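The structure appears right after this line, and notes come after that.
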Amino acid sequence: MDKEQIFNTIVEHTKDIIPRLADHEFNESDSLRDLGANSIDRSEIIMMTLESMETNIPLIYTAKAKNIGDLATILFEKQEIVT
């Protein structure tokens, strides 16, 4: 997956986990925490995204992400290493 596809996948899973965000216009600068995702929600969103990517990346790498754009970049870069 390219970075944009990963971003869109994160957005779709976020909408699945937090249905009230269905009409939200997501930006790369959006923070899952600021959008109302608690730690369990965030973990679920990441795990669902990794499953969609068909890859297995240690979650510790995602801890540095400040926003959805950062998360997409990290997952994209780590995907290249793992694959």
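Quantities reported herein were computed from a predicted structural model and do not represent experimental measurements.
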Can you name the side-chain contact (heavy atoms from CB on, under 4.5 Å) partners of [X], sequence neighbours left out?
{"X": "Asp30", "result": "His24, Phe26, Asn27, Leu35, Ile68"}
{"X": "Asp2", "result": "Glu4, Gln5"}
{"X": "Glu12", "result": "Lys15"}
{"X": "Thr73", "result": "Lys3, Glu77"}

How long is the straight-line distance from [atom2] of [Y] back to [atom1] of [X], given to the nearest 0.5 Å?
{"X": "Leu32", "Y": "Ser39", "atom1": "CG", "atom2": "OG", "result": "12.0 Å"}
{"X": "Asn56", "Y": "Lys78", "atom1": "CG", "atom2": "NZ", "result": "13.5 Å"}
{"X": "Glu28", "Y": "Asn67", "atom1": "CD", "atom2": "CG", "result": "7.5 Å"}
{"X": "Ile74", "Y": "Asp70", "atom1": "CD1", "atom2": "CG", "result": "6.0 Å"}
{"X": "Leu50", "Y": "Gln79", "atom1": "CG", "atom2": "CD", "result": "9.5 Å"}
{"X": "Ile40", "Y": "Ile45", "atom1": "CD1", "atom2": "CD1", "result": "12.0 Å"}

Set out, in order, the CA-CA distance, both residues' side-chain angles and the distance that settles side chain to side chain contact (heavy atoms under 4.5 Å, CB included) for Ile57 and Thr62, then state yes or no. CA-CA 9 Å; Ile57 298 166; Thr62 64; 5.6 Å; no
Can you check side chain to side chain contact (heavy atoms under 4.5 Å, CB included) on Met47 and Leu59, steps first, answer last? CA-CA 8 Å; Met47 294 303 294; Leu59 293 181; 3.7 Å; yes
Where at least one partner belongs to residues 30-75, residue pairs that pass ring pair (Phe, Tyr, Trp, His ring centres under 6.0 Å), sequence neighbours excluded: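 Pairs touching residues 30-75 that pass the test: none.
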Provide the full list of ring pair (Phe, Tyr, Trp, His ring centres under 6.0 Å) pairs with a residue in residues 28-58, sequence neighbours left out, each pair given once.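 Checked against ring pair (Phe, Tyr, Trp, His ring centres under 6.0 Å) - neighbours excluded - no pair reaches residues 28-58.
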Tell me which pairs pass salt bridge (charged side-chain N to carboxylate O under 4.0 Å, His left out) where either residue lies in residues 31-57, with sequence neighbours left out.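 Applying salt bridge (charged side-chain N to carboxylate O under 4.0 Å, His left out) to every pair that reaches into residues 31-57, excluding sequence neighbours, yields nothing.
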For Ser52, what residues pass the side-chain hydrogen bond (donor to acceptor under 3.5 Å, both in side chains) criterion, not counting sequence neighbours?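 Only His13 meet the side-chain hydrogen bond (donor to acceptor under 3.5 Å, both in side chains) criterion with Ser52.
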Working note: Leu75 + Met53, criterion side chain to side chain contact (heavy atoms under 4.5 Å, CB included); need CA distance, chi angles, decisive distance, verdict. CA-CA 9 Å; Leu75 294 178; Met53 293 171 61; 4.1 Å; yes
